[in-house]
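Please read the structure below before turning to the comments.
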Amino acid sequence: MWKKWMGKVLSAGLITTLLLGGQLPAQAKSKDIRVALFVDSGQGYRGVVPSITLTSEGGIDVILSSAEGKTELPEMNGEAARFRVDEFHLIVAETADWNQAQGIAQQLTQRKYEGTIQAVQKGSQMLYQVVSGSYSTYQAASKQAQTVAQATGQKPVVKGPFHLEAGRYRNLQEAMDWKRTFDTSGYPAYPVVIQDGKREEYALWVGDEASGEALQALKRKVSSEIPGFSYTEAAASSYVILKEDVYGSARDTIWKYVFSPRSKLVAEPQRSRGTALIGVVERDQRTYRGKMELSSYNGYLTLVNELPLEEYLYGVVGSEMAPGWPLEALKTQAVLARTRAVGLGNKYGVANLSDTVFEQAYYGYAKESADIREAVDETKGEIITYRGNVVESLYYSNAGGMTADGSEVWGNPVPYLRPVESDDYGPMVQANLWYQVSLADGRLGYVRSDLVRESGFTNAMGLRQAVVATDNTNLRSGPSTAFHRVLATLPYGASLTILSEEPEENAYSWTRGPYTAEELAGMINTSQDRNKAPRISGPIQSLRVTERGPSGRVLEMEANGQTVAVSSPDAHRSIFQQGGSSLRSTKFEVEEMGSITILAGNGKLRNYAAGGGQIQAVGANDYYSQAANGYNDQYLVYSGDGAWRTVSKTPLFLFRGTGYGHGLGVSQYGAKAMAESGYDYEEILQHYYQDVEIERSK
């Protein structure tokens with residue numbers, strides 16, 4: 001099932017001259033593209049890890065690259081390898097007990113800390129070191145050591161990039177042979193490949209010390225216990241230390257390339273039959289075409305996938321749109337994705353863009369299919385331009401029937417993006433049906449219609465009666481399983497009254513809430529603080545839309561009569577959260593409801609929902625007389641015991657909206673519907689983009 005879309009959209013600060021037909025010419029600077037999988041450049045996507053594990057069925061070739069040149073590293077065999085920068089880190093624990101090491105590593109992972117296991121030989125014993133983190137300074141590592149100690153009960157030791165060199169050797173094998181001398185003496189040593197100009201040299205390095213003083217102390221001990229070697233402080237600027245990490249079971253190890261922060265490594269899959277792919281374990285074990293570049297950038301381990309632009313698009317189109325959709329819709333997506341990639345330039349310094357929805361989703365080879373490759377190939381090189389310049393390529397899941405104007409998203413008009421009708425209704429037509437129901441005890445909620453059976457009877461108000469037809473049916477706060485919480489679990493045969501019916505939340509229509517006055521006050525005041533605006537005092541008693549744009553999207557709102565501050569109109573979405581997610585669009589209405597508690601004739605409390613001037617009765621003996629709109633209005637309710645009772649309404653607020661995404665540019669579901677109606681990709685693009693050209697980039 002296709003799931004989407006952009007959970008996050010561009011901020012107003014990213015409106016560039018491109019939106020207005022700006023400076024970038026309609027051409028790509030290279031046939032290749034560089035995609036950041038892990039990077040922190042201080043803007044856009046920011047996600048890094050301390051170590052990266054690459055895999056390839058045919059093995060991996062690794063090249064050491066620096067200002068001094070390129071050096072192909074010796075083939076180390078194996079289908080997996082791990083990479084990290086040579087800097088400060090923690091040895092959280094060291095033990096001969098594999099199970100203990102594994103348990104500590106899992107404990108770290110559960111707390112969102114890294115926990116890899118390094119294998120070292122000390123004397124006749126194999127020891128397992130639990131390694132965590134990567135830090136550019138001793139102070140940062142030391143601070144984290146205290147945090148990890150409190151969280152795990154272990155005693156982490158800070159290690160660092162100070163090493164003792166024990167001679168140079170003719171080749172890697174000779175260095176490996178001498179390594180045993182140090183291992184058996186209890187001082188683990190590691191072979192090192194050093195780049196010296198255009199030559200490669202081999203050395204043995206001992207120790208991972210955190211300071212020069214610690215290194216001198218190590219030198220005194222080692223030179224006393226293992227004489228005959230020329231010990232010096234390691235001073236190479238371009239190098240790779242070869243260590244071993246446990247990968248899987250206790251006896252399965254892979255090589256770990258610990259490289260200089262002044263170098264970079266390029267890893268490529270060794271050629272094999274079929275498409276050569278390289279996998280990234282820490283990126284959800286996805287596999288990719290092309291090669292991987294590892295470097296230290298901005299003080300973080302950075303991973304960049306470099307590959308031909310058109311092959312990159314195979315992965316993007318499959319990530320952003322579903323295989324099996326009409327070919328013309330897939331072509332539409334291909335041109336949009338190519339335009340976006342070409343138009344971004346070199347956003348991240350070491351990469352053109354990231355693999356996330358900050359730019360566009362790129363989930364690698366697994367998202368490819370024959371029809372997606374066909375769509376990319378048949379539109380090869382084509383991009384969208386406005387007056388000779390690359391447009392800002394914008395797309396999203398669903399426009400909710402009408403696309404947005406630039407003023408509704410960023411507060412700025414965009415000459416080639418004006419509101420147009422969009423046939424986005426398909427998801428709603430195909431959605432499951434849900435019932436809003438009340439239980440015998442007065443509780444309200446939603447159940448999926450296929451989980452209940454109607455009895456054929458109605459109550460005194462003409463509402464249909466039903467029973468639960470399955471065991472353990474969830475009663476939810478709204479018509480979906482994704483965002484609406486479970487209120488109760490209902491047994492088989494439980495009695496229900498059907499109050500209304502509506503489609504399951506889908507890419508076209510959705511609901512959020514209902515929110516209490518206190519919940520809304522907290523969310524709105526968090527936004528007010530963020531925007532340096534006055535707080536709303538007291539619980540929210542009124543929340544209303546005061547201005548809408550040409551497509552009906554929200555431009556301005558008031559809470560308790562005070563304007564809700566936002567950085568841009570589309571930012572209204574991010575104010576109102578549920579389950580950690582924002583509203584799906586700004587094309588919404590706010591429905592005012594009431595939560596009413598009365599004492600029924602049998603002495604039990606019953607809850608009612610009221611909205612639009614009506615109270616919905618939930619029992620055959622419960623009737624209402626009238627209910628006026630407003631807050632703290634009083635209601636007269638007859639409870640079946642011969643008495644009218646006066647109750648008050650506590651405000652609740654339900655958001656009911658259409659559309660999924662910011663609404664600027666192409667609606668993917670709209671493109672699908674147009675393709676199904678016989679339009680080709682150029683006609684689709686020129687429906688959503690006005691006065692543009694589709695041309696081949698040079």
Side-chain angles (χ1 to χ4, degrees), residues 59-64 68 70-84 86 91 94 96 98 116-129 131 159 161-209 215 218-260 263 265 267 270:
I60 302 172
D61 290 329
V62 182
I63 294 173
L64 173 63
E68 299 184 31
K70 296 183 178 180
T71 300
E72 187 171 343
L73 300 182
E75 186 175 325
M76 302 303 292
N77 299 321
E79 296 183 347
R82 186 163 288 150
F83 301 82
R84 64 189 304 137
D86 186 24
I91 302 296
E94 181 179 274
W98 157 250
T116 58
I117 301 176
Q118 181 173 281
V120 296
Q121 189 75 32
K122 286 189 177 181
S124 59
Q125 195 173 39
M126 173 67 76
L127 297 180
Y128 302 103
Q129 296 178 334
V131 180
K159 291 293 184 178
F162 294 86
H163 313 285
L164 193 63
E165 185 168 301
R168 299 277 175 110
Y169 301 89
R170 291 173 296 179
N171 52 53
L172 182 60
Q173 185 58 54
E174 185 178 8
M176 297 284 282
D177 292 340
W178 282 107
K179 165 181 165 61
R180 298 189 188 95
T181 300
F182 291 87
D183 290 347
T184 56
S185 299
Y187 294 96
Y190 307 103
V192 184
V193 180
I194 297 173
Q195 191 177 57
D196 187 1
K198 294 184 178 180
R199 296 184 308 162
E200 64 182 59
E201 296 191 354
Y202 304 91
L204 268 184
W205 287 2
V206 183
D208 295 296
E209 304 309 305
L215 186 67
L218 176 65
K219 180 178 180 180
R220 289 191 292 271
K221 290 180 64 178
V222 175
S223 58
S224 173
E225 296 183 32
I226 312 176
F229 289 84
S230 174
Y231 295 108
T232 59
E233 181 175 348
S237 62
S238 181
Y239 60 84
V240 175
I241 309 170
L242 297 172
K243 299 185 178 183
E244 288 183 273
D245 268 11
V246 179
Y247 187 65
S249 66
R251 296 187 178 277
D252 294 330
T253 61
I254 59 174
W255 287 105
K256 178 165 63 179
Y257 294 75
V258 182
F259 63 98
S260 164
S263 305
L265 297 179
Q270 293 180 356

Residues in side-chain hydrogen bond (donor to acceptor under 3.5 Å, both in side chains) with T253, at least two apart? E244

Check: T116 and R84 side chains under 4.5 Å, non-hydrogen atoms: yes

By salt bridge (Lys or Arg N to Asp or Glu O under 4.0 Å) - contacts of E75 (at least two apart): none

Qualifying salt bridge (charged side-chain N to carboxylate O under 4.0 Å, His left out) pairs with a residue from residues 248-257, counting only residues at least two apart or across chains: D245-K256

Looking just at side-chain N and O atoms, do S237 and E68 make a donor-acceptor pair shorter than 3.5 Å? yes

Y128: which residues meet the ring-ring contact (aromatic ring centres under 6.0 Å, His included) condition with it, sequence neighbours left out? W98

What's the separation between atom NZ in K70 and atom CG in L64, rounded to the nearest 0.5 Å? 11.0 Å

I need the F259 CZ to Q195 CD distance, nearest 0.5 Å. 13.0 Å

Between V131 and I91, is the side chain to side chain contact (heavy atoms under 4.5 Å, CB included) condition met? List the steps. CA-CA 5 Å; V131 180; I91 302 296; 3.8 Å; yes

Test of understanding: with salt bridge (Lys or Arg N to Asp or Glu O under 4.0 Å), list the residues that count as partners of K122, not counting sequence neighbours. E94

For the residue pair A189 and V206, what are the closest heavy atoms and their distance? CB-CG2, 3.9 Å

Going by the rule salt bridge (Lys or Arg N to Asp or Glu O under 4.0 Å), which residues pair with R168 if we only count those two or more places apart in sequence or in a different chain? E165, E201

Taking atom CD1 of I241 and atom CD1 of I194, what is their separation to the nearest 0.5 Å? 9.5 Å

Identify the two heavy atoms, one from V193 and one from P74, that lie closest to each other, and give their separation to 0.1 Å. CG2-CD, 4.2 Å

Quick one: side chains of residues 223-230, donor-acceptor pairs under 3.5 Å with protein atoms, not counting sequence neighbours, listed by atom name and distance.
residue	atom	partner	partner atom	Å
S223	OG	K219	O	2.7
S223	OG	R220	O	3.3
E225	OE1	Y187	OH	3.4
E225	OE2	Y187	OH	2.9

Do the side chains of F162 and L218 get nearer than 4.5 Å, heavy atoms only? no

Test item: H163 side-chain N/O and G207 main-chain N/O as donor-acceptor pair under 3.5 Å: yes

From CA spacing to verdict: side chain to side chain contact (heavy atoms under 4.5 Å, CB included), Y190, V120: CA-CA 10 Å; Y190 307 103; V120 296; 3.5 Å; yes

My understanding is that only residues two or more places apart in sequence, or in another chain, count here; which of them pass side-chain hydrogen bond (donor to acceptor under 3.5 Å, both in side chains) with T232? none

Note: D183 and P188 closest approach over all heavy atoms is OD1-CA, 3.4 Å

Sorted by chain and number, sequence neighbours left out, side-chain hydrogen bond (donor to acceptor under 3.5 Å, both in side chains) with Y202 holds for E200

Closest non-hydrogen contact found for A119 with V246 is CB-CG2, 4.0 Å

Supply the atom-to-atom distance Q129 CD to I117 CD1, rounded to the nearest 0.5 angstrom. 11.0 Å

Contacts of Q173 meeting side-chain contact (heavy atoms from CB on, under 4.5 Å) (sequence neighbours excluded), chain-then-number -> N171, M176, D177

Who pairs with D208 by salt bridge (Lys or Arg N to Asp or Glu O under 4.0 Å), at least two apart in sequence or on another chain? K243

Rounded to the nearest 0.5 angstrom, the CD1-CD1 distance for I254 and I60 is 8.5 Å

Compare every heavy atom of L172 with every heavy atom of P191, then report the nearest pair and how far apart it is. CB-CD1, 3.8 Å

Less than 4.5 Å apart, side chain to side chain, heavy atoms only: is that true for T181 and L204? no

Applying side-chain hydrogen bond (donor to acceptor under 3.5 Å, both in side chains), can you list everything that pairs with Y257, at least two apart in sequence or on another chain? none

